[in-house]
Each structure stands twice: as structure tokens, then as C-alpha cells.
Undergrad: 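My questions will all concern the structure given below.
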Amino acid sequence: MSQLLRVQNFTVSSDGFGAGEGQSLERPFGHADPGELFAWAFATEHPPVKRSEPGGSRGLDDYFTRDFARNIGAEIMGRNKFGPQRGPWQDHEWQGWWGDEPPFHTPVFVMTHHKRPSFTLSDTTFHFVGGDPAEVLAQAKDAAQGQDVRLGGGATTIRQFLDADLVDTLHVAVTPTKFGSGTRLWESPDELLDRYHQDVVPSRSGVTHHLFWRK
């Protein structure tokens with residue numbers, strides 16, 4: 001079976017933005033509130049980052065958060081998902097927003113024009129790579145050792161891979177909130193219907209799950 005490139009649990013505002021404007025070290029999502037954006041996921045029994053106390057909802061939203069790591073052997077992300085720096089790296093001591101135990105548990109390929117040495121935190125190794133989407137995907141698939149590759153974002157990076165016709169499946173959760181500006185994934189999910197089948201599934205949490213797979 002061929003390896004897939006999958007977008008999972010990527011969350012956007014109702015007007016199509018995956019992050020706001022003005023990203024900084026203190027505000028990874030710019031003017032947008034990540035607590036509001038990801039409330040649906042963190043309320044589940046299996047949130048993307050483990051909570052200290054047990055509990056959380058089951059059902060549809062939890063089905064998607066439980067699926068986050070299934071058969072994933074590597075992740076690709078854009079540089080701005082790793083950190084807010086632009087241009088050449090000034091500080092190799094700073095190792096991203098993800099803490100000592102990042103939630104990926106696989107090799108992660110960070111796309112950047114400015115390479116830096118790889119490093120490992122817990123069971124996640126970050127590699128900083130250049131090249132076009134197809135070249136980066138080839139490296140990630142090799143590292144995944146037969147498993148699928150997750151395309152983690154942000155929105156600009158996902159659009160690059162969509163434009164290169166490399167994405168096999170997408171799960172995008174659309175929240176009721178509006179950002180007004182920022183980094184946009186789409187004007188409308190209908191933009192993808194020329195290449196993908198789509199299912200739209202509303203959740204009681206208020207988000208709407210959009211599922212896409214190749215025609």
C-alpha cells in the first residue's frame with residue numbers, strides 16, 4: 001500500500017484563516033486566540049497535548065483527535081509552525097514552541113531556506129530542510145519507513161503542497177469564530193472540489209469537520 005500525505009485536525013476560522021496576524025514568540029497565532037481555535041480538540045478525552053487530569057468528551061471530536069497519530073511515521077511543517085524567527089537563525093539554543101516532549105513522536109521536517117543542525121527532544125527529531133514540496137515529501141516518506149506522513153501546517157505550507165498536488169487526504173475542522181485577517185487556508189472549501197471528494201460533518205461542539213480525499 002502506498003504511503004499517504006495526510007492533513008489531520010488542522011483547524012481554521014469560519015473565514016478560512018489558520019492563524020492571525022502579528023506572530024511573535026509570545027503569540028504563536030498572532031492576534032488569534034489559540035484557546036478559542038482549538039477548544040474543540042482540547043475538550044476531548046484524547047487531546048493533542050496530554051492534560052494533567054483525566055476526563056474529556058468522547059464522540060465525533062474525540063474520534064478525530066484519537067486518529068492524530070495512527071500510522072504516522074513523520075511530519076512536515078513550515079518554519080513558522082516551529083517558531084516566529086525570520087531569516088538566518090540567530091539562536092540555535094532556542095528549540096521551538098513544543099517543550100521538552102513535543103507531541104509528534106516522529107521525525108519532523110521543518111521547511112526553511114535557512115538550514116540548521118538537527119536535534120532531538122524526547123522521541124522527536126527535528127530536521128531543517130530546503131527544497132520544493134516534492135523533495136521534502138520524499139525525505140519524509142523515507143524517514144517514515146512505510147507509514148504515512150502528516151502535513152502539519154501552517155496554512156501557507158498546506159497550500160504549497162495542495163498546489164503541487166501532493167496531498168492525499170485532508171481533515172479540516174472549521175470553528176464558528178472569525179479572524180478577519182491572517183494566514184488563510186482557503187476562501188471556501190469548495191476550492192478543492194475539482195480534485196477531491198468531500199464530506200461535511202457538524203459536531204455538537206460547534207465545529208464542522210471537512211473531510212477530503214482524492215477523486
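Only heavy atoms go into these numbers, but all of them, side chains included; no hydrogens, no water, no symmetry mates. Model, not experiment: these values are computed from the prediction.
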Undergrad: Would you compute the distance between atom CZ of Arg6 and atom CZ of Arg150 and round it to the nearest 0.5 angstrom?
TA: 8.0 Å

Undergrad: Are Ile76 and Val167 co-members of a hydrophobic cluster defined by side-chain heavy atoms under 4.5 Å apart?
TA: yes

Undergrad: Are any side-chain N or O atoms of Gln23 and backbone N or O atoms of Pro28, one a donor and one an acceptor, separated by less than 3.5 Å?
TA: yes

Undergrad: Test side-chain contact (heavy atoms from CB on, under 4.5 Å) on Leu25 and Trp97; report intermediate values, then the result.
TA: CA-CA 8 Å; Leu25 184 63; Trp97 277 308; 3.9 Å; yes

Undergrad: Tell me, yes or no, whether the heavy-atom count around Asp100 atom CG, taken from other residues, nucleotides or ligands under 6.0 Å, exceeds 12.
TA: no

Undergrad: Applying the side-chain contact (heavy atoms from CB on, under 4.5 Å) test to Val207, which of Asp61, Leu37, Thr177, Val172 qualifies?
TA: Asp61

Undergrad: Donor-acceptor pair, distance only, cut-off 3.5 Å: does the side chain of Asp15 make one with the backbone of Gly180?
TA: yes

Undergrad: Can you tell me how far apart CG (Leu162) and OG1 (Thr157) are? Round to the nearest 0.5 Å.
TA: 11.0 Å

Undergrad: Which label fits Phe64 and His171: parallel for a plane angle under 30°, tilted from 30 to 60°, or perpendicular past 60°?
TA: parallel

Undergrad: About how many Å separate CG of Asp67 and CG of Asn9, when rounded to the nearest 0.5 Å?
TA: 7.5 Å

Undergrad: Without swapping roles, check the side chain of Thr175 against the backbone of Val12 for a donor-acceptor pair under 3.5 Å.
TA: yes

Undergrad: Is it true that Val136 and Leu151 fall in one hydrophobic cluster, defined by side-chain heavy atoms closer than 4.5 Å?
TA: yes

Undergrad: For residues Ala32 and Arg27, report the shortest heavy-atom separation together with the two atoms involved.
TA: O-NH2, 3.5 Å

Undergrad: Between Trp89 and Phe128, is the gap from one ring center to the other below 6.0 Å?
TA: yes

Undergrad: Ring centroids only, cut at 6.0 angstrom: are Phe179 and Phe29 within range, meaning strictly under it?
TA: no

Undergrad: On the 0 to 90° scale, with breaks at 30° and 60°, tag the His210-Phe212 ring pair as parallel, tilted or perpendicular.
TA: parallel

Undergrad: Hey, could you give me each pair passing salt bridge (charged side-chain N to carboxylate O under 4.0 Å, His left out) that has a residue in residues 130-147? Not counting sequence neighbours.
TA: none

Undergrad: Testing the basics here: between Pro103 and Pro48, what is the closest heavy-atom pair and its distance to 0.1 Å?
TA: CB-O, 3.6 Å

Undergrad: According to a hydrophobic-cluster definition based on side-chain heavy atoms being under 4.5 Å apart (Ile, Leu, Val, Met, Phe, Trp, Tyr only), do Phe126 and Met111 belong together?
TA: no

Undergrad: Can you tell if the side chain of Thr124 reaches within under 4.5 Å of the side chain of Trp98, non-hydrogen atoms only?
TA: no

Undergrad: Closest heavy-atom contact between Ser122 and Pro102?
TA: CB-CD, 4.5 Å

Undergrad: Does a side-chain heavy-atom distance below 4.5 Å link His46 with Phe68?
TA: no

Undergrad: Identify whether Leu170 and Leu166 are in the same connected component of the hydrophobic contact network (ILVMFWY, side-chain heavy atoms under 4.5 Å).
TA: yes

Undergrad: Applying side-chain contact (heavy atoms from CB on, under 4.5 Å), run through Gln8 and Asp148 and close with a yes or a no.
TA: CA-CA 12 Å; Gln8 294 177 275; Asp148 295 338; over 6 Å; no

Undergrad: Answer yes or no: does atom CZ of Arg86 have more than 12 heavy-atom neighbours from other residues, nucleotides or ligands under 6.0 Å?
TA: yes

Undergrad: Spell out, as yes or no, whether a donor-acceptor pair under 3.5 Å connects the side chain of Glu45 to the backbone of Ser57.
TA: no

Undergrad: Does CZ belonging to Arg116 count more than 12 external heavy atoms closer than 6.0 Å?
TA: yes

Undergrad: Using the rule that Ile, Leu, Val, Met, Phe, Trp and Tyr join whenever any side-chain heavy atoms are under 4.5 Å apart, tell me whether Val129 and Phe119 fall into a single cluster.
TA: no

Undergrad: Could you please spell out the steps behind the side-chain contact (heavy atoms from CB on, under 4.5 Å) verdict for Thr11 and Trp40?
TA: CA-CA 10 Å; Thr11 306; Trp40 73 272; 3.2 Å; yes

Undergrad: Between Pro133 and Ala164, which heavy-atom pair has the shortest distance, and what is it?
TA: CB-CB, 4.4 Å

Undergrad: Is atom CD of Gln198 surrounded by more than 12 heavy atoms (other residues, nucleotides or ligands) closer than 6.0 Å?
TA: yes

Undergrad: Evaluate the side-chain contact (heavy atoms from CB on, under 4.5 Å) criterion for residues Asp91 and Gln85: first the C-alpha distance (whole Å), next the side-chain angles of each, then the deciding distance (0.1 Å), finally the verdict.
TA: CA-CA 9 Å; Asp91 181 10; Gln85 298 91 344; 6.0 Å; no

Undergrad: Is His92 atom NE2 crowded by more than 12 heavy atoms from other residues, nucleotides or ligands, each under 6.0 Å away?
TA: yes

Undergrad: Quick one: list whatever passes side-chain contact (heavy atoms from CB on, under 4.5 Å) with Tyr63, sequence neighbours left out.
TA: Arg66

Undergrad: Please report the closest heavy-atom contact between Pro84 and Ser24, naming both atoms and the distance.
TA: CB-C, 3.8 Å

Undergrad: Please, which pairs that meet salt bridge (charged side-chain N to carboxylate O under 4.0 Å, His left out) have at least one residue in residues 168-196, sequence neighbours excluded?
TA: Arg159-Glu191, Asp165-Arg195, Asp168-Arg214, Arg184-Glu187

Undergrad: Which heavy atom of Leu121 sits nearest a heavy atom of Gln95, and at what distance?
TA: CD2-OE1, 3.3 Å

